[in-house]
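In what follows, a structure is listed as structure tokens, so that the remarks can point back to it.
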Number of protein chains: 2
Amino acid sequence: MVEEARGSAGEPTLADVARRAGVSVATASRALSVRGPASASARHRVAEAARDLGYAPNPVARALATRSGTRIAVAVGGHTAHVLNDPYAARVTAATATTAAAHGVGASLHWLPLHDPAELGRLAENRDIGGIIVVNPTPAALAAVPRRARARIASIGIGTRDIPSFDVDNATGTRRVVEHLLATGRRRIAMITGPSWLPCTDRALTAYRRALADAGAPPRLAAGDFTAATGESAAAEIMTRWPDTDAIFALGDLSALGALTALRRTGVDVPGDVAVAGFDDIAYATLSRPGLTTTTNPVEAITTGAATAVLDRRPGPPQTFYPSTLVLRAST
Amino acid sequence: MVEEARGSAGEPTLADVARRAGVSVATASRALSVRGPASASARHRVAEAARDLGYAPNPVARALATRSGTRIAVAVGGHTAHVLNDPYAARVTAATATTAAAHGVGASLHWLPLHDPAELGRLAENRDIGGIIVVNPTPAALAAVPRRARARIASIGIGTRDIPSFDVDNATGTRRVVEHLLATGRRRIAMITGPSWLPCTDRALTAYRRALADAGAPPRLAAGDFTAATGESAAAEIMTRWPDTDAIFALGDLSALGALTALRRTGVDVPGDVAVAGFDDIAYATLSRPGLTTTTNPVEAITTGAATAVLDRRPGPPQTFYPSTLVLRAST
DNA sequence: ATGAAAGCGCTAACAG
DNA sequence: CTGTTAGCGCTTTCAT
């Protein structure tokens, strides 16, 4: 049974804890925050009093006193504000909001216009923002962040020396997909890329080029932007330009599904004539006909890592890559 | 060019504005918040000073002073914590986080265990939570919220007298789908329902029953839970139990897509033998073969409405229904 | 190691 | 209508 410490209603405050422990609020504060100096006995009594009272620190008061901000901003790069409705951005936001909840803070979602790199810097200056998770940033946007604000940012995408990056290991993921295609006898393997402005897709592109070079096959590239629509047109373009193509790898499942649509329309059999593989393993990859071979993108784990790093302010490695797992289905 | 008001760095505070306008901070506060009493001239000078200084109120300080909380919690009902990774919950969270950003606050995401209805009440008591958007609540959960906390809650799903509800008009949506099926000659129309514990699906169920009764046709029901897997098994069950079924309407596109899979596997032609329709108009509805006839669910608009109501504390109607639009594709 | 006191920036009584 | 005075709950110098 939780005892009431104050005459009136309301949650117990640090003052209640201090009173019950027989110390000052200052000591109670220091004892509770592991950092400050405090005697073992004080620590013990304060901890006990806090437990008895069911005390939970007020994040708002703490944020005001430390100017640490009370929310973590998710900033998503893109050409239009439409990125705010993007399923990928939604997954990142939900995972951030879950991690944030455990820290007593919230998450807010912002569009980072590609044409205005300074916007990220402005967000970083905001007093009530405690940290930022930037999704799909450009080098220009990262460069616009003032030095002193960089400690509070983590990137899902490319990073810098002082802005840590958390991302799927799309190089290895891509390599495994291409190797799987090669192992199943494909040799004329085309790739539908991601948006050209998105630097973190370069790693996948390089991996594709290298894997093909190792096998002595020339690259066949068509530009995509992760959407089904461009996947469709890119696949059509590929089959026109290189009619003997026997496999298409799309960076992004939606584009791969678009490619599937284009191939079906022109009477190309999948996987008989052409194998198709994607990237991300979205829910629909298992529902399409044929089921889509793809490689996973652990977005929730990546986001949790980035959010935790920002919230705990703990310095970590400049780059953290999360493994991507190949998922074989009927399309290859 | 923005002038610096303080000697040191840092954003301008209300004190800076007051000083520049030649009034006290109290007056400045009242002038800025439209509510309090203030003379027109004071209002004007304060507004001007604020503009000159580029002043933006500090939401954290305001939240501390008014105990209004600094984040809005999205609480999603479900059997397991897995709901935190649900695409629907993610959309709601992202839309909430977008609306919250405009108010200088954040959003946090929480699981509301079905077996512990009191959890919603606990969330509502939380000091640093300014408002709650509860998704898919049960009557028991809503009943567990203390009276005084109800003004800060909006529901996406069922509501109560004092907890406003924002939801898609699934009754009209369902009726339109069934009427469309009837109009295209279907008479033996089955329905795959949502989870039985989810009360807001009752409206759709009733609409289905009524539309069928009006046409003199008996209902054919199979239980689903919005997933593709149960859609698949429910469709199989339907075709076994009522082999002459000529249409299946699933409450939820994923279930409809699952039904599509089940029918294809057993050699049933869609839409030749059986028409299939869903609900929600998710992205995959346009990607499947055949494309899925469905009716829209404007989740972002609904969420924005709910979030705005909570953040502005403005009393509104107990129920707000958002229209659902029929989208015809090849599956019917 | 500890306590007293001064804020963090804003709002809300309470007089005038 | 306006200024003065207290807080909101916590952190953080600065003495002791």
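Naming: A, B, ... by sequence-line order, numbering from 1 per chain.
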Quiz prompt | Side-chain N or O of B:S39 closer than 4.0 Å to phosphate OP1/OP2 of D:dT2 | solution = yes
Rounded to whole Å, the CZ-P distance (B:R19 to D:dT2) equals 19 Å
Between A:A101 and B:S108 the two heavy atoms that sit nearest each other are CB-CB, 3.7 Å
Do any side-chain nitrogens or oxygens of A:T66 fall under 4.0 Å of OP1 or OP2 in C:dC8? no
- Query: Regarding B:S165 and B:D167, is there a side-chain donor-to-acceptor distance under 3.5 Å anywhere?
  - Reply: no
**Prompt:** Would a 4.5 Å heavy-atom cut-off, applied to side chains only, mark A:R161 and A:R150 as touching?
**Reply:** no
From CG of B:L14 across to P of D:dT4 the rounded distance in Å is 14 Å
B:R45 atom CZ is separated from D:dC1 atom C1', nearest whole Å, by 12 Å
In numerical order, the residues of residues 55-65 of chain B whose heavy atoms come under 4.0 Å of DNA chain D are B:L64, B:A65
Mind checking whether A:W197 and A:N136 have side chains closer than 4.5 Å, heavy atoms only? yes
Residues at least two apart in sequence or cross-chain that pass side-chain contact (heavy atoms from CB on, under 4.5 Å) with B:A90, listed by chain then number, are A:A90, A:A94
Can you tell if the side chain of B:L14 reaches within under 4.5 Å of the side chain of B:D16, non-hydrogen atoms only? no
Q.
Is it the case that the side chains of B:T96 and B:T99 hold a donor-acceptor pair, with the cut-off being a distance below 3.5 Å and no angle test?
A. no
Distance test, side-chain N/O of B:S24 to OP1/OP2 of D:dG3, below 4.0 Å: yes
When B:I156, B:V92, B:I133, B:T320 are each screened for side-chain contact (heavy atoms from CB on, under 4.5 Å) with B:I302, the one that passes is B:I156
Which of D:dG3, D:dG9, C:dT2 is nearest the side chain of B:R127? It is D:dG9
Detail all sub-3.5 Å separations between protein N/O atoms and N/O atoms belonging to nucleotides 13-16 of chain D.
none

- Query: Are A:R71 and A:N126 close enough that some pair of their side-chain heavy atoms sits under 4.5 Å apart?
  - Reply: yes
Assert: residue with more 5' nearest nucleotide on DNA chain D, out of B:P37 and A:S29, is B:P37
Whole-Å distance, A:D128 CG to C:dC8 P, equals 17 Å
From CZ of A:R67 across to C1' of C:dA6 the rounded distance in Å is 12 Å
| Do any side-chain nitrogens or oxygens of A:T27 fall under 4.0 Å of OP1 or OP2 in C:dG3? | yes
